[in-house]
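What follows is one structure encoded as structure tokens, with my remarks underneath.
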Amino acid sequence: MIKVAIMGYGTIGSGVYEVLETNREVLARAAGQELEVKYVLDLHDFPGTWVESKIVHDFDVICRDPEVKIVVETMGGLEPAYSFVKACLEAGKHVATSNKALVAAYGTELLAIAREKKVNFLFEASVGGGIPIIRPLYRCLVGEKIQEITGILNGTTNFILTKMDKEGASFQWALKEAQALGYAERNPEADVEGHDTCRKIAILTAMATGKEVNYEEIPTEGITKITDVDFKYADAMGTSIKLVGSARVECGKVYAWVAPLMIGKDHPLYGVSDVYNGILVKGNMVGTTMYYGSGAGKLPTASAVVADLVESAKHLDSNIPIGWSSEKQAIASADEAAYRFFVRVSGTYEDRRYMVEAAFGKCRVVELKDMDEFAFLTGPMKRSEFLENLEILKVELTAEYQKVLQVIRAE
Ligand code: HSE
């Protein structure tokens with residue numbers, strides 16, 4: 001029997017216990033022996049529940065107990081999660097975490113300690129919740145050169161954008177709905193500003209390149225400026241708008257960014273709606289593969305943590321070579337990557353056709369009924385080139401008291 005400790009008995013931590021109980025036999029078979037929770041570290045006591053007798057408030061009880069072989073970290077945030085995880089690894093304990101902030105910020109150091117101590121630091125649940133994505137990267141796709149990872153990596157923003165798309169909701173209304181349903185936090189900044197997606201794509205990029213990625217170098221744009229009017233155009237064009245994290249390898253350079261992306265119905269991520277996540281991984285031999293499922297939530301995320309528990313239980317005496325080294329992966333300027341761009345402009349197209357064509361050449365134009373504005377979609381071009389042309393257009397528009405209302409990257 002392997003003794004386990006859970007640090008943080010919130011949504012995910014209690015989910016881990018539920019998965020361990022519900023699938024006890026399956027897990028014992030998979031791990032080769034039973035997994036038993038010896039301690040649960042939390043600030044609360046949970047009187048009258050099963051966990052009451054296992055609760056400890058002092059981390060040292062876990063860290064000093066040689067019987068505890070695997071520790072689950074489901075506290076979230078950087079501190080004390082970082083200090084506790086580091087101490088556990090240094091004490092020769094395996095760690096499984098769902099904490100993407102921790103992995104993105106301290107993954108390099110924690111992976112190195114795990115290697116040195118011949119234990120495992122595993123984080124399947126940190127990206128895509130219950131979707132298998134970390135393990136496919138280090139196992140099934142280990143013989144591939146990864147060329148691209150593009151994903152809808154945040155359930156909350158995908159729920160909000162789906163509401164705007166399918167029900168014509170405003171951003172504010174959809175956000176309130178997401179909060180009422182418990183998807184969005186009271187302070188939704190990490191989700192809606194794209195920070196959560198940024199950390200996740202940083203982890204995936206590091207997994208793909210084998211080098212450390214500084215998430216602060218990834219240009220990140222959230223969804224707060226996306227409006228219901230944008231979705232009216234998207235609908236007219238047969239497209240949708242998704243918050244996407246993307247990393248591409250081109251000519252030896254790695255481009256990574258987080259931004260709303262307009263995608264057509266033929267794009268594999270088009271049908272990924274509500275709180276679901278979808279991740280495309282393109283390898284140089286296998287081509288495009290896709291991973292889909294519940295990117296958040298108690299049991300899906302807990303299931304991924306428990307899978308890491310089993311993985312550690314099967315490798316109690318060895319370090320599974322996963323992750324990345326301390327070598328830095330440079331992130332190339334997103335300005336050099338080529339995309340199409342969706343642009344909304346005030347005024348009528350008829351009077352401004354020559355300005356659009358002078359700046360961008362022939363473009364697909366969309367005009368909606370009873371709107372004193374129009375939109376156009378450029379051909380593929382480098383973002384730097386697009387921004388130069390946009391400046392030309394803006395100067396012309398200003399002379400006519402008109403302006404650019406919106407710009408969204410398009411596939
Ligand atoms: N806030 C995250 C999301 C939770 O909405 O996807 C899972 O990481």
Side-chain angles (χ1 to χ4, degrees), residues 8 10-16 19 72-78 81 96-105 107 122-135 149-165 171 174-207 215 218 220-224 226 241-246 258-261 269 272-280 291-308:
T11 307
I12 311 302
S14 58
V16 167
V19 174
V72 165
E73 187 278 303
T74 45
M75 307 167 80
L78 291 181
T97 183
S98 58
N99 188 339
K100 64 241 157 189
L102 176 74
V103 180
L122 300 175
F123 43 89
E124 180 62 65
S126 67
V127 182
I131 305 173
I133 182 62
I134 302 293
R135 203 138 18 251
I149 301 179
T150 296
I152 295 172
L153 300 169
N154 183 269
T156 304
T157 46
N158 205 36
F159 174 86
I160 292 171
L161 292 175
T162 303
K163 280 269 161 202
M164 295 174 76
D165 190 4
F171 170 75
L175 171 59
K176 281 211 171 74
E177 182 79 359
Q179 283 169 323
L181 290 168
Y183 299 141
E185 310 268 339
R186 192 183 289 264
N187 177 359
E189 192 184 329
D191 290 324
V192 299
E193 297 292 359
H195 304 318
D196 179 80
T197 299
C198 173
R199 280 156 180 79
K200 290 169 177 169
I201 195 66
I203 293 169
L204 294 181
T205 309
M207 286 297 299
Y215 64 86
I218 299 178
T220 297
E221 208 183 296
I223 61 165
T224 53
I226 301 296
I241 303 162
K242 306 286 189 186
L243 181 66
V244 156
S246 185
V258 174
L261 183 69
L269 295 177
V272 179
S273 300
D274 297 313
V275 284
Y276 287 95
N277 284 190
I279 308 161
L280 294 178
Y291 309 82
Y292 170 85
S294 296
K298 179 176 175 169
L299 293 179
T301 309
S303 167
V305 175
V306 171
D308 279 347

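Counting starts at 1 for both ligands and their atoms, following the listed order.
Checked by distance only, ligand 1 and N277 stay at 3.5 Å or farther apart across all their nitrogen or oxygen atoms. Considering backbone and side-chain atoms together, G295 places no N or O closer than 3.5 Å to any N or O of ligand 1.
Between the side chain of S246 and the main chain of T150, no donor-acceptor pair closer than 3.5 Å is present. At least one donor-acceptor pair closer than 3.5 Å links the side chain of E73 to the backbone N or O of G76. Panel note: side chain K200, backbone G151; no donor-acceptor pair is recorded below 3.5 Å. In this structure, the side chain of E124 engages the main chain of I133 through a donor-acceptor pair within 3.5 Å. Remark: the backbone N or O of E221 is not paired with any side-chain donor or acceptor of E193 at under 3.5 angstrom.
Scanning the protein for heavy atoms near atom 1 (N) of ligand 1, the closest one is D191 OD1, 2.9 Å. In terms of protein heavy-atom proximity, atom 3 (C) of ligand 1 is closest to N154 ND2, 3.3 Å. Closest protein heavy atom to atom 6 (O) of ligand 1: G155 N, 2.7 Å. Among all non-hydrogen protein atoms, the one lying nearest atom 5 (O) of ligand 1 is T156 OG1, 2.6 Å.
For ligand 1 and K100, the ligand atoms under 4.0 Å from any heavy atom of the residue are 4 (C), 7 (C), 8 (O). Less than 4.0 angstrom separates some heavy atom of A296 from each of these atoms of ligand 1: 4 (C), 7 (C).
Under 4.0 angstrom from ligand 1, there are no non-hydrogen atoms of E185.
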Residue pair L243, V258: steps toward the side chain to side chain contact (heavy atoms under 4.5 Å, CB included) verdict: CA-CA 7 Å; L243 181 66; V258 174; 4.1 Å; yes
Verdict with supporting geometry, K100 and V127, side chain to side chain contact (heavy atoms under 4.5 Å, CB included): CA-CA 7 Å; K100 64 241 157 189; V127 182; 5.5 Å; no
